[in-house]
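One structure is given below, encoded as structure tokens.
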Amino acid sequence: MSSPNPITATLIPGDGIGPETVESTIQILDALGSPFLWDVQQAGVAGIDALGDPLPEQTLASIRKHRLALKGPLTTPVGGGFRSSNVRLREEFELYANVRPAKTLIPGRFENIDIVLVRENLGGFYVAHEYYIPVGDDPKAVAVATGMNTRASSKRIARFAFEYALKNGRKKITVVHKANILKLLTGIFLDAAREVAKEYEGRVEMDDMIVDACAMQLVLNPWRFDMLLCTNLFGDILSDQIAGLVGGLGMAPGANIGENAAIFEAVHGSAPDIAGKGVANPISILLASAMMLDHVGKQDLANRLRTAITDTLNIDSVRTRDLKGEATTKQFTDAVCKRLSSR
Ligand code: NAI
Ligand code: MG
């Protein structure tokens, strides 16, 4: 089905399970009749293979032009090697807000989870200004990392979270920090959030929690949380944790939002352990594409897509292996397409 008013967006298939989950998503979006036309570009290891660069200039130019992208996961070497293309993309387009919802779609260990995590996406320890200090004959005797949060960037992400709460009917934001130990680095984040919260008094509540206590509370009583507002590193960690509350990384979408561009992706990585086997769960990037539809004002299509996914999971009982089902990526994809065409 083609849409009367197409919207061109960059499509990055990515690495590992990226291409197979992205292919599934495109097939389903076509069955839905989404407005997106795709400008396919490479990045990550696929970028190195195709163009000798993990973040090729033509990929950046495409995003600059369309200001909208759907991106598969990109592999980043551990320890040494090139810098994360994911982090570089967020920096290049100043995508300061990372929105990561976790919502129960299937019965599991926890029922009725509905948490939206907002992560500051550019600062904190992710600036990764790191160096070694030599001692004696060991040039790498001491490793040092510097983190950075500015008052302005902390207020900007806090304001984003409060505005998101208003627009989406959310009642409470819990600011997550470690201001008892990292008194300045995460203290400035907490102070800025408190300041911004005053503007929203009576409309959106705010409280705060130290990150380690928050990690435990998320397991003991996750229902007490509505929205979490986190610094970059804590947001990274806790977004995998809340994905675990709703069935795992196969169920976790994310949006990287800035003033001039937005990139939608799964929370998970390239999953090298299952890549190429045709068993990956495509729901994370599929739900990210639903967020992308919301972003361009196509809430009706986004809701239809989300309903087709939950009906496929719960009425048709078609589920991939990570959800204790037996379906392959392709079988799940075909089942969602069938749902969409049966209306
Ligand atoms: P991962 O998220 O790729 O995988 C963790 C575990 O979850 C694995 O057992 C994997 O099989 C499983 N898993 C993840 N997504 C799944 C899905 N859709 N269906 C079924 N099972 C799924 O994390 P890992 O292994 O730590 O990282 C692999 C690579 O991905 C690294 O190079 C890392 O830097 C990169 N990465 C990229 C991200 C991005 O592009 N935004 C985010 C996180 C990691
Ligand atoms: Mg992560």
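For ligands, and for the atoms within them, numbers begin at 1 and follow the listed sequence. Note that these values count all heavy atoms, side chains included, but never hydrogens, waters or copies made by symmetry.
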Indicate yes or no for a side-chain donor-acceptor contact from Glu120 to the backbone of Asn232 under 3.5 Å, with no hydrogens or angles considered.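 It does not hold such a pair.
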Closer than 3.5 angstrom, by distance alone: can the side chain of Arg119 be matched with the main-chain N or O of Asn98 as a donor-acceptor pair?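 No.
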Tell me, which pairs form a salt bridge (charged side-chain N to carboxylate O under 4.0 Å, His left out) where one or both residues lie in residues 248-265, sequence neighbours left out?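 For residues 248-265: Lys71-Glu265, Arg90-Glu265.
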So, Thr75 and Ser270: side-chain donor and acceptor under 3.5 Å apart, yes or no?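 Indeed, the side chains of Thr75 and Ser270 share at least one donor-acceptor pair under 3.5 Å.
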Tally, protein N/O/S atoms nearer to the Mg ion (ligand 2) than 2.8 Å: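 Number of qualifying protein atoms: 1.
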Looking at every non-hydrogen atom in both residues, tell me the closest pair between Val318 and Gln331 and how far apart they are.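 For Val318 and Gln331, the tightest heavy-atom pair comes out as CG1-O, 4.2 Å.
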Hey, is Arg159 close enough to Glu199 for a salt bridge, meaning N to O under 4.0 Å?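 Yes, Arg159 and Glu199 are salt-bridged.
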Test side-chain hydrogen bond (donor to acceptor under 3.5 Å, both in side chains) applied to Asp114 - qualifying residues, sequence neighbours left out: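 Only Arg170 meet the side-chain hydrogen bond (donor to acceptor under 3.5 Å, both in side chains) criterion with Asp114.
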Once you measure the plane-to-plane angle for Phe162 and Tyr200, does it fall in the parallel (<30°), tilted (30-60°) or perpendicular (>60°) bin?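 Phe162 and Tyr200: parallel rings.
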For a 4.5 angstrom cut-off between non-hydrogen side-chain atoms, does Phe189 reach Ile157?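 Yes - at least one pair of side-chain heavy atoms lies under 4.5 Å apart.
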Return the protein residues near ligand 1 (heavy atom under 4.0 Å from any of its atoms), ordered by chain and residue number.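 The answer is Ile17, Lys71, Pro73, Leu74, Thr75, Thr76, Asn86, Leu249, Gly250, Glu265, Val267, His268, Gly269, Ser270, Ala271, Pro272, Asp273, Ile274, Ala280, Asn281, Asp322, counting any residue whose heavy atom sits under 4.0 Å from ligand 1.
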